[in-house]
Amino acid sequence: MRVLVIGGDGYCGWATALHLSERGYEVGIADSLVRRHWDMSIGVETLTPIAPIGRRIERWEQLTGKKIDLYLGDITDYPFLESTLQRFAPDAIVHFGEQRSAPFSMIDRQHAVLTQVNNVVGTLNLLYAMHDHCPDCHLVKLGTMGEYGTPNIDIEEGYITIQHNGREDRLPFPKQPGSFYHLSKVHDSHNIHFACRIWGLRATDLNQGVVYGVSTPETDRDELFINRFDYDGIFGTALNRFCVQAAIGHPLTVYGTGGQTRGFLDIRDTVRCIEITVANPPSQGEFRVFNQFTEQFSVLDLACMVKRAGAQFGLDVELRHMDNPRVEKEQHYYNAKNTQLRSLGLEPHCLSNSLLDSLLHFAVRYRDRVDKAQILPQVNWR
Ligand code: NAD
Ligand code: USQ
């Protein structure tokens with residue numbers, strides 16, 4: 001089976017490409033390398049030094065004998081995308097190739113427009129290219145749990161059955177996203193759903209929670225395969241940031257009360273979820289939605305876990321509640337369903353102390369590379 005991984009030079013995409021290649025899938029990577037460019041443009045760098053994509057793939061082939069095809073280009077460039085689909089002829093496309101930071105999308109008008117054009121146009125191009133060149137192909141699209149926001153009712157997987165004035169229908173679950181980035185994912189979801197309805201494409205929207213962890217068995221095989229570990233105020237997610245802050249003796253930056261609750265998953269579960277989804281395609285014309293996370297935590301839960309795990313490293317970790325630079329609920333109900341991937345065979349890893357130990361190991365090992373100017377948040381939603 002041939003799987004094209006769009007965004008295969010990024011955090012989730014790189015680990016997924018190796019995971020699928022190891023399991024015998026024919027893998028192609030399409031990436032514009034724009035994420036490396038965005039890092040440079042805002043002056044940030046991953047904590048872990050990542051190798052150029054060409055060297056990563058060459059070494060993978062040397063070590064395993066498995067080839068990964070590389071297509072360098074931007075999917076908002078339609079001729080590039082068309083020729084990539086024609087040349088690679090995928091059975092499934094896993095689409096990670098978007099701007100994924102909420103703070104980046106909230107810097108100013110330009111970054112909001114960049115995010116929505118990159119994400120919405122890229123996905124819309126992909127839908128047209130699939131319609132024209134590979135209508136049977138399965139689109140596996142990375143959405144986000146943040147599309148739903150934090151409603152005061154249970155969050156279902158994509159759809160909710162509503163009774164209204166004596167009638168009943170199964171409708172898309174209401175969306176209340178919290179940034180222009182999260183909004184771009186909502187726009188994508190609508191466009192994909194529509195393309196499935198009118199053209200009979202088949203797609204799975206994976207509403208993924210926050211991913212943590214650096215290692216998968218494949219990325220651990222060689223120093224050249226090491227994955228990203230973003231910790232800065234724009235691309236760094238809260239847990240990564242807390243681990244790095246603990247390693248350099250900076251108080252943990254809890255925004256507001258820290259009651260903000262989200263879904264989380266280990267990068268080893270991300271790659272497995274993609275494998276499971278690819279192996280179980282929807283029928284033609286179906287738009288399927290899975291919630292892809294394994295556990296729920298509040299920001300304060302995470303900070304307390306990092307504090308406890310840090311103590312075992314001899315780190316004296318302090319928490320600091322800061323004015324929240326985002327506009328979001330800090331105390332709210334949160335109960336999201338996540339049964340579909342489990343029913344297809346996902347066996348989740350937990351964010352136990354041992355995993356935190358591994359994250360803290362990376363943070364401590366590379367702490368000399370930390371740019372302290374990147375610790376405090378610089379983007380304000382207001
Ligand atoms: P990342 O920034 O590490 O990787 C994204 C990759 O896509 C980069 O290599 C980038 O160069 C490429 N890309 C972006 N726009 C492109 C374009 N127009 N054409 C070609 N390539 C393009 O991001 P990630 O953390 O791996 O996230 C991957 C996907 O998963 C994103 O869609 C993100 O929204 C989603 N997601 C991520 C998380 C998370 O915690 N990391 C959680 C939920 C959902
Ligand atoms: N937060 C802090 N302190 C920090 C950083 C963040 O308290 O130093 C808080 C934020 O205010 C927020 C929560 O932690 O309430 C999560 O923020 P985050 O930066 O860890 O994650 P988020 O912005 O939600 O985005 C990340 C990925 C994005 C993905 C999303 C999944 O960057 O690509 O879509 O997680 S979800 O949250 O389910 O939407």
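These numbers come from the heavy atoms of this one structure, side chains and all, not from hydrogens, waters or symmetry mates. Starting from 1, each residue takes its place in the sequence as its number. Counting starts at 1 for both ligands and their atoms, following the listed order.
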Are any of the N or O atoms of Arg100 closer than 3.5 Å to those of ligand 1? yes
When you measure from atom 19 (N) of ligand 1 to every protein heavy atom, which one gives the shortest distance, and what is it? Ile75 N, 3.1 Å
Out of Glu328, His182, His321, who is nearest to atom 12 (C) of ligand 2 when you count heavy atoms only? Glu328
Min heavy-atom dist Gln292 to ligand 1 below 4.0 Å: no
Record the part of His95 in heavy-atom contact with ligand 1 below 4.0 Å; permitted values are side chain, backbone, both and neither. neither
of all protein heavy atoms, closest to atom 37 (C) of ligand 1 is Gln208 NE2, 3.6 Å
Return the closest protein heavy atom for atom 5 (C) of ligand 1 as residue, atom name and distance. Phe96 O, 3.7 Å
Name all residues meeting the salt bridge (charged side-chain N to carboxylate O under 4.0 Å, His left out) criterion together with Glu328; count only those two or more places apart in sequence or in a different chain, and write none if there are none. Arg262
Tell me whether Phe293 reaches ligand 2 (any heavy atom closer than 4.0 angstrom to a ligand atom). no
What side-chain donor-acceptor pairs closer than 3.5 Å can you find for residues 165-174, not counting sequence neighbours?
from	atom 1	to	atom 2	distance (Å)
Glu168	OE1	Gln163	NE2	2.8

Please list, in number order, the atoms of ligand 1 under 4.0 Å from a heavy atom of Gly7. 6 (C), 7 (O), 12 (C)
Answer yes or no: is there an ion pair linking Arg36 with Asp9, defined by an N-O contact shorter than 4.0 Å? yes
Please could you name the atoms of ligand 1 that Asp9 approaches to less than 4.0 Å, counting only its heavy atoms? 9 (O)
Which protein non-hydrogen atom lies closest to atom 20 (O) of ligand 2, naming both residue and atom, and how far is it? Ala238 N, 2.7 Å
Determine, using ring centers only, whether His361 and Phe313 are less than 6.0 Å apart. yes
Which of the atoms in ligand 1, numbered in the order shown and given with their element, are less than 4.0 Å from a heavy-atom of Lys185? 31 (C), 32 (O), 33 (C), 34 (O)
Regarding Arg35 and the six-membered ring of Phe235, is the cationic atom NZ or CZ under 6.0 Å from the ring centre and inside 45° of its axis? yes
Looking only at distances, please establish whether an N/O atom of ligand 1 is found under 3.5 Å from an N/O atom of Asp74. yes
Is Gly209 near ligand 2, meaning one of its heavy atoms is under 4.0 Å from it? yes
Mark the output for Tyr181 as yes if a heavy-atom distance to ligand 1 is under 4.0 Å, and as no if none is. yes
Give the contacting part of Leu33 toward ligand 1: side chain, backbone, both or neither, where contact means a heavy-atom distance below 4.0 Å. backbone
Ligand 2 versus Gln208: contacting region, heavy-atom distance under 4.0 Å: backbone
Do any N/O atoms on Ser32 end up under 3.5 angstrom from N/O atoms on ligand 1? yes
Answer yes or no: does an N/O atom from Thr237 fall short of 3.5 Å to an N/O atom of ligand 2? no
Below 4.0 angstrom from a heavy atom of Cys12, which ligand 1 atoms are there? Numbered from 1 as shown, please. 26 (O)
Any nitrogen or oxygen of Val210 lying under 3.5 Å from a nitrogen or oxygen in ligand 1? Just yes or no. no
Considering only the protein, which heavy-atom contact is closest to atom 6 (C) of ligand 2, and what is its distance? Tyr255 CE1, 3.5 Å
Charged N to carboxylate O below 4.0 Å: is that the case for Arg369 and Glu45? yes
Should one rank Gln245, Arg100, Gln99 by closest heavy-atom distance to atom 27 (C) of ligand 2, which comes out on top? Arg100
Below 4.0 Å from ligand 1: does a non-hydrogen atom of Gly209 turn up there or not? yes
When you measure from atom 31 (C) of ligand 2 to each heavy atom in Thr257, Asn291, Thr144, Asn240, which option holds the nearest one? Thr144
For ligand 1, is there an atom lying under 4.0 Å from some heavy atom of Gly143? yes
In the protein, what heavy atom is nearest to atom 37 (O) of ligand 2, and what distance, to one decimal place, separates them? Val210 CG2, 3.5 Å
Is the gap between the ring centers of Tyr181 and Phe104 under 6.0 Å? no
Tell me if the aromatic rings of Tyr128 and Trp199 count as close, with their centers under 6.0 Å from one another. yes
Numbered atoms and elements of ligand 1 in range of Glu98, under 4.0 angstrom, heavy atoms: 5 (C), 7 (O), 14 (C), 15 (N), 32 (O)
Please state whether Gly73 comes within less than 4.0 angstrom of ligand 1, counting heavy atoms only. yes
Taking Asp91 first and then Arg2, would you say they form a salt bridge - that is, a charged N and a carboxylate O separated by under 4.0 Å? no
For Phe362 and Tyr366, take the angle between the two ring planes, folded into 0 to 90°, and tell me which bin it lands in: parallel under 30, tilted 30 to 60, perpendicular over 60. parallel
Using distance alone, determine whether Ile6 and ligand 1 share an N or O pair under 3.5 Å. no
Heavy-atom pairs closer than 4.0 Å: do any link ligand 1 to the side chain of Arg228, the backbone, both, or neither? side chain
Tell me the protein heavy atom at minimum distance from atom 19 (O) of ligand 2, and give that distance in Å. Arg326 NH2, 3.0 Å
Should the pair Arg228 and Trp14 be classed as cation-pi, given the thresholds of under 6.0 Å to the six-membered ring centre and 45° from the axis? no
